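Take a look at the structure set out below.
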Amino acid sequence: MTDWEPVIGLEVHVQLATATKAFSPSGTAFGATPNSLTDPTVLGLPGALPVFNRRALQYAIALGLATGCTIRERSRFARKQYFYPDLPKGYQISQYEEPLCEGGAVEFLFGGQVRRVRLTRIHMEEDAGKSIHHSNVASWVDLNRAGVPLCEVVSEPDIRSAEEAAEYMRALRQLVRYLGVSGGDMEKGQLRCDANVSIRPRGQAELGTRAELKNINSFRFVQNAIEHEIARQIRILGSGGTIVQETRLWDSDAGTSRSMRTKEEAEDYRYFPDPDLPVVKVESATLEAIKADLPELPMAKCRRYLDDYGLSEDDARTLTAERSLAEFFDSAVEAHGSSGKGAKAIANWVQSELLRELNRDGKDVGECPIKAPHLAELVSLIEKGTISGKIAKDVFAKMYQTGDPPGIVVEREGLQQISDESAIEEIARKILSENPKQVASYQAGKQNLLGFFVGQVMKATRGKANPKLVNQLLRRLLDE
Amino acid sequence: MAVSETDLIYLSAAEQARRVRAGEVSSRQLTEAYLARIADMDGEIGAYVTIEGDRALARADHIDAALAGANGHPDQLGPLAGVPIALKDILVTEGIKTTAASAILADWIPPYDGTVVSRLSRAGAVLLGKLNLDEFAMGSSTENSAIKTCRNPWDRSRVPGGSSGGSAAAVVSFQCAASLGTDTGGSIRQPSAFCGIVGLKPTYGLVSRYGVIAFASSLDQVGPMARTVEDVALLLEVIAGFDPHDSTSIDRPVPRYRDALGRGVSGLTIGLPDEYFAGGVDAEVARAVEAAIATYQTLGAKTVPVSLPHTKYALPTYYLVAPAEASSNLARFDGVRYGLRRSETDDSQKVGLFDMYCKTRGAGFGPEVKRRIMLGTFALRSGYYDAYYLKAQQVRTLIRRDFERAFETVDLLLAPTTPTPAFAVGEKMANPLDMYLADIFTLSCNLAGLPGMNVPCGFTESGLPIGMQLLGKPLGEETMLAAAAAFEREIGAIGAGGVPTRRPPEVSS
C-alpha cells in the first residue's frame, strides 16, 4: 500500500481590528443591525469613492514585520471583479501583482520542535458582505461586513498534516492577538481559512493535484475538513482514480465537502490596478516606527522561557498563549528581581492558582486583582521562610479577594511562619507528653506516626510553624 | 443700466452675482427668468432631463433672505450667491434624480451630494436642474441619451456634441447662467466647441470626483462650462481643491483664477502641434484656428511648431483604457441595490440571479454602453491584459512624455478642438468609429492628465461655432485662462454685462 504524504497550504483571512472600514468611515462592530454600518462607498453607490484607512495599513505592516516579510515600498490595490449580490461594486478591492508583504514565515512549536511555515505573501483587501439564503423564498444581503479591512495571509505548501494546519492557525491567531491587529476570533469570522490540499506518495518531489477547501470557520473544522479531504483523496487515488483540480465547499454540519467549481469553470477576475486609489507608499520612517512598537512575539517569549528559565514546553506554551498573561508573568519575574531564578515558582503559581481563580470568575488577566509584583513578593516570602507554602495558599486567596500585597495580608492575619526553634520545641514537647501511647508506638518502630505528631504541632500553631523545623525537632525529640 | 427681465438671462454668471450682491436684482428674479426661458426654449433643445423649479425658487428665496440679513456683508454668501446654474446629470445630487441619461438609473434619487455639488451650494448657487448627456458620458453627440435627444441651439438639425451636450446647449441658449460638465476624452471641450462656449477640463486631480458617476476613473474630470472666460475661472475657483473623499485629488491651495485673466499673452510661447494640423481638419475650422494664431501673435505671443509624435496612438489607447475602467465601474449596476431591476420573464415568472443580472443589464444599458463594457471586459481578460490594457498604459506614458517634452519649450499648446463643426443628428450613429474620431484632438489631454479648454474662435459661413483648444501644463490653468481671456477680449466676443455679442437663434415660431 502506498504511503501518502499530504501537502497543505493555507490562505487565511485576518480581519483587521480597525474602528472604521478599509475605504470609508462606517464602523465595524460585530453583531450590529443588518445594513446599519453602511455609507455611499460601502453600498457601492454611483459616484462614491474609496479612501484607504491608514490604520489598516499600519496593522498590515505590523503583521508583515512580525512574520519577517519584505514590505514593499510601493504596493498597489487592484480590482478583483465578479458579480455577486453581497459584492456591492461588482469588484473587490484587493492586491494582486504588487502585494504589501512577501516572503516571511509563521513559526510555532509542534511535536517538540519549532516548525516554520513559509509565507508566499500577505496582501490587503476588503471583505464582501454576507448573503443569507432563506430556502427558495428569498435571499438577503447584509453589507455590515462589506468593506471591512482584511489581510490575506498565503502560506507556501509547507504543512504536512491536518493537526499541523490547526496548529499553524492557532499560532497565527496568537500572533495577531499579540500584535493587537485582530481579535482573531474565528466564531466572529475574524479569522477564516481556505486550505489547498493535495497528496503524493511519500518521497515524491512533484506535487499532486490540489483541491481548494473553502468556508472553514473554526479551529476544529480546520482539522476535520483537512483530514476529511486527505482521506477523500487517498480513497480516490488508492482506487486508481484521479483528483480533479477544483474548489470544494466544507459543510461543517454534514462533516463533508462538495464541489463548487472545477478549474475549467474558474472565474476570470479581470484584475487591474484600481484607478481610484494611488500607489500605497511605505516610507522607511513609518516602517521603523512600527517595528519599534512591535511587542516581544510569542515564539521569542517561548524560547526565552525554555532557554533562560528552564520551563517545560507545556509551561511555556500556556504562559505565552495570550500576550496579557505572558506580560503578567514577565513583570512578576522582573519584580522578583533574581534574574529569572523565581521564574519556575512564579510560573507554577500563575498556572495553578492564578489561572484557576481567573477561569472560575471568567476574568481576563487584565482584570486580575493580584498585581504581578505582589505575586513575586509572595514567592519571595516563601523563599525567605516568612510563610510556608501551605500558608501561602491562604495568603494568595486573601490577596485575590482584597488586592492587598502579601506582606500586609501576612501581617494583618498574623500568618508569619514560626521559625523560632525554642518556641516550636516547647509546643512539640507538650504534644509528645499529651500523647504517650503514640510516642511508645513510634519508638516501638511505627515510624510513620511522625506525620501524626507533625499534624498536631501544625494544628496547635494554626499551620504557622515552619514544617521543616517541626520535622527536624520531632525526630530529634522522639529519638532522644 | 436698466434691464428688462428677459435680458437678465444673457448676463454672465459673474455679472449676475455682482448684481445680486449689489441688490440690483434678486435671485428670485433671475431664477424665474431662467425657468421661463427653459419653459419657452427647452422643448426645442432638449438640454434638461430634470427641471427643479420649485426647489430652485425656494433656494433663491433663501439666498435673497440671507442677503437681506447680511447687512452690507454680502460677500459672506459666497461668490455665486443667487446665480442659477445647472449640472450635467452625472453629478450626484441629494434628493434630486440622477440618471446618467441611462434607463438603468432612470429613477435613482441619491442620498448624498457630490463634492462639487456641495461646493457650488456653499458658494450660493441656485440649482435649476440636471442636464442631458450621452448615457454614462459615453458618446460625442448626446444622441446616446436614453432620455431624450438634445439639439444644437445654432442649428437644431445638428448635435450639440457630447457627452456634456446638454450642458453646452443649455449655456449657449441662455437656459442657465453656467453649468458643469465632465470630460473623459473631450466631453467638455468638444460640445463647447460645437455650441460656441468656453469649457475647461482641469488638470486630473484638481477637482474632486467624489459624487461623479464614474466612467473612466483615471481620465474623468469635472469642469466649468460657461459663456465667458471669467465665468469659467469663477466656477473653477469654487469647485477646485483638495477633497479628502477623493484619493486622487491634489492637495494644493487653489489660486484665484480670476486674478490671472488680465495677464495677457505677451512673452508666452504657444506651441502648435504638427499632428493636430496635418490634414483631416475641415477647411473652415482650419482657417478660424489659423486666424486665432495670428491674433495671438498680434497680442505678443510667440508661436512655434512642436511635435507630439505619439498622437496617432491616442485613439486606440483611449479605447482600451477608458472601456476597461468603464467595464469595471459599471459592474455595480446589477439590479440588486438601486436602479432598474428585471427579475421576471415576460409571462411574470421569477428568474434566478444570473438571469436577473442579464435581463437588468440587457434592458438597462444602451448599445454604446454595452459596446464599451464588452471592449473593456475583453481588454482585461486574463491572458489578454498584457497585450491590451498594460500595453495601452505603456503607450499612455509615451503620450504623456510627448507633452512633457513639448512643455519644456512652450507655455501652452494650441490646436483645433474638433476636426469639424457640429455634425447632423444621426450622421455618425451608424458607425461608432466615425463618432470616436470626433474626439481625436481631445483624447490625448485626458490620457496625459493635462488641463485643456475650448475657446470659441469663430463661425462657419453657415453660422456654426468653431472652437480652438488650449492645452496647458499640469496645474497650468492660470496661463490657459489668461490666454483665453486675452483672445476673448481681442475679438470682442463678449459685450457689456458679459453678454455674448453673437447668439443662437431664438425659439422658432
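Just so we're on the same page: letters track the sequence lines, and every chain starts at 1. Nothing here was measured: the structure is a model prediction, and the numbers come from that model.
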* Structure fact -> Honestly, the part of A/P40 sitting under 4.5 Å from a heavy atom of chain B is side chain

* **Residues forming a side chain to side chain donor-acceptor pair (under 3.5 Å) with A/S257, sequence neighbours excluded** => A/R248

* Selection from B/A324, B/S247, B/S208 maximising heavy-atom pairs under 4.5 Å formed with chain A -> B/S247

* Asked: Any chance CZ of B/R400 has more than 12 other-residue heavy atoms, nucleotides or ligands included, within less than 6.0 Å?
  -> yes

* Counting a contact as any heavy-atom pair under 4.5 Å apart, which residues of residues 374-383 of chain B contact chain A? -> B/T377, B/L380, B/R381, B/S382

* Asked: What do you reckon, is CZ of A/R74 surrounded by more than 12 foreign heavy atoms closer than 6.0 Å?
  -> no

* Measure the shortest side-chain to side-chain distance between B/F136 and A/P46 over non-hydrogen atoms and say whether it is less than 4.5 angstrom. => no

* Asked: More than 12 foreign heavy atoms under 6.0 Å from OH of B/Y388: is that the case here?
  -> no

* So what's closer than 4.5 Å to chain A heavy atoms on B/Y384: side chain, backbone, both or neither? -> neither

* Asked: For atom CD of A/E73, is the number of surrounding heavy atoms from other residues, nucleotides or ligands below 6.0 Å larger than 12?
  -> no

* Asked: Relative to chain A, which of B/K350, B/M356, B/R209, B/Q393 shows the most heavy atom pairs under 4.5 Å?
  -> B/R209

* Nearest heavy-atom neighbours spanning B/Y112 and A/G47 -> OH-C, 3.0 Å

* To do: Can you establish whether the number of heavy atoms outside A/Y96 located under 6.0 Å from its atom OH is more than 12?
  => no

* Among the listed options A/Y91, A/F23, A/F83, the residue most often paired with chain B at heavy-atom distances under 4.5 Å -> A/F83

* To do: Working to the nearest 0.5 Å, report the span between CG of A/L49 and NE2 of B/H245.
  => 9.5 Å

* In terms of heavy-atom contacts, does CZ of B/R371 have more than 12 from other residues, nucleotides or ligands at under 6.0 Å? -> yes

* Structure fact -> Note: vs chain B, highest number of non-hydrogen pairs under 4.5 angstrom among A/G90, A/S139, A/P275 is A/P275

* To do: Please say whether more than 12 non-hydrogen atoms of neighbouring residues, nucleotides or ligands are located less than 6.0 Å from NE2 in A/H134.
  => no

* Asked: Taking atom NZ of B/K370 as the centre, does the number of heavy atoms from other residues, nucleotides or ligands within less than 6.0 Å exceed 12?
  -> yes

* Nearest-0.5 Å distance, OG of residue B/S328 to NZ of residue A/K89 -> 9.5 Å

* Side chain / backbone / both / neither for B/V92 at chain A, heavy atoms under 4.5 Å -> side chain

* To do: Working to the nearest 0.5 Å, report the span between CD of B/E325 and CZ of A/R79.
  => 7.0 Å

* Under the side-chain hydrogen bond (donor to acceptor under 3.5 Å, both in side chains) rule, what pairs show up with a residue in residues 353-365 of chain B, not counting sequence neighbours? -> none

* **Atom pair OH (B/Y385) and OH (A/Y271), whose distance is rounded to the nearest 0.5 Å** => 12.5 Å

* **Nearest-0.5 Å distance that lies between atom CZ in A/F272 and atom OG in B/S327** => 6.5 Å

* To do: Please flag which part of B/D220 lies under 4.5 Å from any non-hydrogen atom of chain A: side chain, backbone, both or neither.
  => neither

* **Which portion of A/P50 sits near chain B, non-hydrogen atoms under 4.5 angstrom** => backbone

* **Neighbours of chain A found in residues 101-110 of chain B - heavy atoms under 4.5 Å** => B/L105, B/W108

* Asked: Considering only heavy atoms, which portion of B/L353 lies under 4.5 Å from any heavy atom of chain A: side chain, backbone, both, or neither?
  -> side chain

* Asked: How long is the span from the OG atom in B/S218 to the CG atom in A/D276, to the nearest 0.5 Å?
  -> 9.5 Å

* To do: State whether the side chain of B/R337 and the backbone N or O of A/L45 hold a donor-acceptor pair below 3.5 Å, judged by distance alone.
  => no

